[in-house]
Engineer: 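What follows is a single structure, and I will ask about it in a moment.
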Amino acid sequence: MRGKNKTSQPRRGSKKSNVAANKSNDSPEALQEAKNHLGDGAAENITERIKMAEKKKKKKSDDVKTVSRKRKAENNEKLAVKEEETTLETVDQFIPTPLSHIPLKILMDIEMELVYTDEEDISFEFSDPEVSTSTQSVCRDSKKADAPSAPDGSTLPQIDKQLQMTLQEASACYRQNNYTAAAEQFSTALELCSKGVAVDHPFESFPEDISSIASFIETKLVTCYLKLKKPDDALNHSHRSIILNPAYFRNHLRQAAVFRCLERYSEAARSAMIADYMYWLTGGTEQHISKLIKLYWQAMIEEAITREEAFSVMYTPFAREVKAGKINKIKDVFAKKHPDYKERIYTDPHGVHILPQMAGWPSLPPQKYLLTLGFRNKHIGKVLERWSSRKLPIFSDRKAPFCPLTSEETKRYWDNTGKNVMPVIDFIRSTKLTDNRCACSPGIEKLHYASFLGRLGRAEEQSQVINQAMAELATIPYLQDISQQDVKLLQSLMADAMDTLEGRRSDKGRVWNKIQQIGLIEDYLYQVEDNYLKNKRLRIARTQRMRMKRIQDAQQR
């Protein structure tokens, strides 16, 4: 579940993918890119393992149905709904290849190249070619005097000597594979930063420079804890590295690696999606880096789909806005393809979805998709529809606007609804870069969820989710243009979240709780309207039955 710690993280066995036999059709361009940039030896080993897996798959073809009766990965082989061109105007060249199983070795090689890269200089966030231009345009408007120069000619702050020595010792321990000692030294360095020891002349430095130093230390702690196989300890550090520097794509990719180790694949997919977008946004020019990130993103989507039992998925490409009538046709197609998941069928109405697109990078815009989900449990699908009908998202256990529940009722809500809805929300976000309801929607959802965890007494998880929400909010201005109203909302949410983490004021007066109150009122009105329409239909049906009975009686006489 979300915000898991070690005591609450159940480990689930991996299900085999249904499309292992289709690996040869799965983005050969991306696999060739992996070969070029991860090394021929590694790629050849990967290729051999893929061939062996295919041979084993053929021998066990009779057992395919028992391995995975849902055949979810196969759903992605036919992402396009077979309708007339005038219905959705799909373009053949945009339809992606099937999502097939990507070997763990490839993911580990990608992480070694992009996540565990040994960045020794604090200035790396400003001096790397792929990020230097954009980061400087975001973070500074003029050059600083009397400071060392970066390779691109810009100027950098002078690191405090005590901090620099601590970081050198930490880096030496890291290179010697002594990750425990390295983590201790990096923690000491982070403590020095919190006390104001970062640069020699803090009043002459840009705030972004100090943030960059702290972000660098946070990312090094992430890699140390990942090496120590302690992803729970790495989680908050990955969130804080993004809060401090949301424009750096590696920070998001490191967050994805942490989520992968925690088996939170939907959230890992979202982090990888944002990492790829940030790489492009900040001036990245090397296609192989973007393709490796997309491959990682693709693997996380596949894991999320194949492991989920409660719902099934269908993506439908489209070119223009799809009207309600067409959505109903899509739902009919879904019901025929997935008869076990038609208790409630939901098509996400807010924003468009994107999938990893290897070809045409980055000149062609990404293909847009509608996401349709089908549920075994009608209640969960209905809750999701109600959630999406609001202008602002909420996550609440209350049945009425001014009716708080007891601790027992709150726990019951979590067991029956909450823990089943959150994975769906996270999956929806895994291919959805922006939300057209409200720019701050992803952060608000997480803050509502954190508040709920607080009422359940799960303080550690609450802290993790608040940090995750702040990372989401810090990233929003880079993902889309936001209005002045959204800017004020974002600032208020960030300030309240920080106050909550630091224990200032009670949780009751927070911005997201006011939003929740409005949402609950909307929900209450929705229920009143729903009940009115239901009763109206019953009255009409009763009147029609009585009329038919009178007609039949008259005919008999």
Engineer: Taking side chain as C-beta onward, heavy atoms only, is M273 less than 4.5 Å from Y277?
Structural biologist: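 SC-SC contact between M273 and Y277 ruled out.
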Engineer: With side chains defined as the heavy atoms from C-beta onward, is the minimum distance between L447 and R510 less than 4.5 Å?
Structural biologist: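 Heavy-atom side-chain distance check fails, nothing below 4.5 Å.
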Engineer: Got a salt bridge between E303 and R260, using NZ or NE/NH1/NH2 to carboxylate O under 4.0 Å?
Structural biologist: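 No, E303 and R260 are not salt-bridged.
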Engineer: For E218, give me all partners under side chain to side chain contact (heavy atoms under 4.5 Å, CB included), at least two apart in sequence or on another chain.
Structural biologist: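 Only L190, L221, H237, R240, S241, L244 meet the side chain to side chain contact (heavy atoms under 4.5 Å, CB included) criterion with E218.
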Engineer: Keeping Q176 on the side-chain end and N178 on the backbone end, is there a donor-acceptor pair under 3.5 Å?
Structural biologist: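 Not confirmed, Q176 side chain does not pair with N178 backbone.
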Engineer: Taking the side chain from S187 and the backbone from A183, do they hold a donor-acceptor pair closer than 3.5 Å?
Structural biologist: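 Checked: pair present.
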Engineer: Check whether Y279 reaches the backbone of E286 with its side chain - one donor and one acceptor, N or O, closer than 3.5 Å.
Structural biologist: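 Yes, Y279 side chain to E286 backbone: donor-acceptor pair under 3.5 Å.
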Engineer: Taking all non-hydrogen atoms of both residues into account, name the closest pair between A450 and I466 and its distance.
Structural biologist: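 Scanning both residues completely, I find the closest heavy atoms to be CB-CG1, 3.5 Å.
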Engineer: Taking K220's backbone N and O only, do any of them form a donor-acceptor pair with T223's side chain (distance below 3.5 Å, no angle check)?
Structural biologist: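 Yes.
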Engineer: Any non-hydrogen side-chain atom of L192 less than 4.5 Å from a side-chain atom of Q162?
Structural biologist: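 A side-chain contact exists here, since the closest heavy-atom pair is under 4.5 Å.
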Engineer: With the side chain counted from C-beta on, respond yes when S463 and N236 share a heavy-atom pair under 4.5 Å apart, and no when they do not.
Structural biologist: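 S463 reaches N236 side chain to side chain.
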Engineer: Determine yes or no for a side-chain-to-main-chain donor-acceptor pair under 3.5 angstrom, with R429 supplying the side chain and E267 the backbone.
Structural biologist: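 No; judged by distance alone, with no hydrogens or angles, the pair does not exist.
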Engineer: For the residue pair I444 and C438, establish whether any side-chain heavy-atom pair is separated by less than 4.5 Å.
Structural biologist: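 In contact.
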Engineer: With D426, which of K446, R270, R264 fulfils salt bridge (charged side-chain N to carboxylate O under 4.0 Å, His left out)?
Structural biologist: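 With D426 as partner, salt bridge (charged side-chain N to carboxylate O under 4.0 Å, His left out) holds for just one option, K446.
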Engineer: Counting heavy atoms not belonging to K368, are there more than 12 under 6.0 Å from its NZ?
Structural biologist: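 No, because the 6.0 Å sphere around NZ of K368 holds 12 heavy atoms or fewer from other groups.
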Engineer: Hey, is E445 close enough to R437 for a salt bridge, meaning N to O under 4.0 Å?
Structural biologist: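 Result for this pair is yes, salt bridge flagged.
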Engineer: Is the Y179 to Y174 ring centre distance short of 6.0 Å?
Structural biologist: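 Yes, close enough.
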Engineer: So, the side chain of H252 versus the backbone of P246: is there a donor-acceptor pair under 3.5 Å, distance only?
Structural biologist: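 Here the side-chain-to-backbone pair exists.
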Engineer: Taking the side chain as C-beta and beyond, is there a heavy-atom pair between Y296 and I102 under 4.5 Å?
Structural biologist: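 Y296 vs I102: side chains apart.
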Engineer: Between the main-chain N or O of S212 and the side-chain N or O of S215, is there a donor-acceptor pair closer than 3.5 Å?
Structural biologist: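 It does not hold such a pair.
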Engineer: Within the 3.5 Å criterion, strictly below it, is a donor on S290 or K294 matched to an acceptor on the partner's side chain?
Structural biologist: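 There is such a pair (donor and acceptor under 3.5 Å, judged by atom type) between the side chains of S290 and K294.
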Engineer: To the nearest 0.5 Å, what is the distance between CG (N251) and OG (S238)?
Structural biologist: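 Output value for this atom pair is 9.0 Å.
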Engineer: Can a donor-acceptor pair be found, under 3.5 Å and without considering hydrogens, that links the side chain of W297 to the backbone of T431?
Structural biologist: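 A pair under 3.5 Å: no.
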Engineer: Do D348 and L370 have side chains that approach each other closer than 4.5 Å (heavy atoms only, starting at C-beta)?
Structural biologist: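 Result no, sub-4.5 Å side-chain heavy-atom pair not found.
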Engineer: Check whether more than 12 heavy atoms from other residues, nucleotides or ligands sit under 6.0 Å from atom CG of D415, and answer yes or no.
Structural biologist: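 Count over threshold, so yes.
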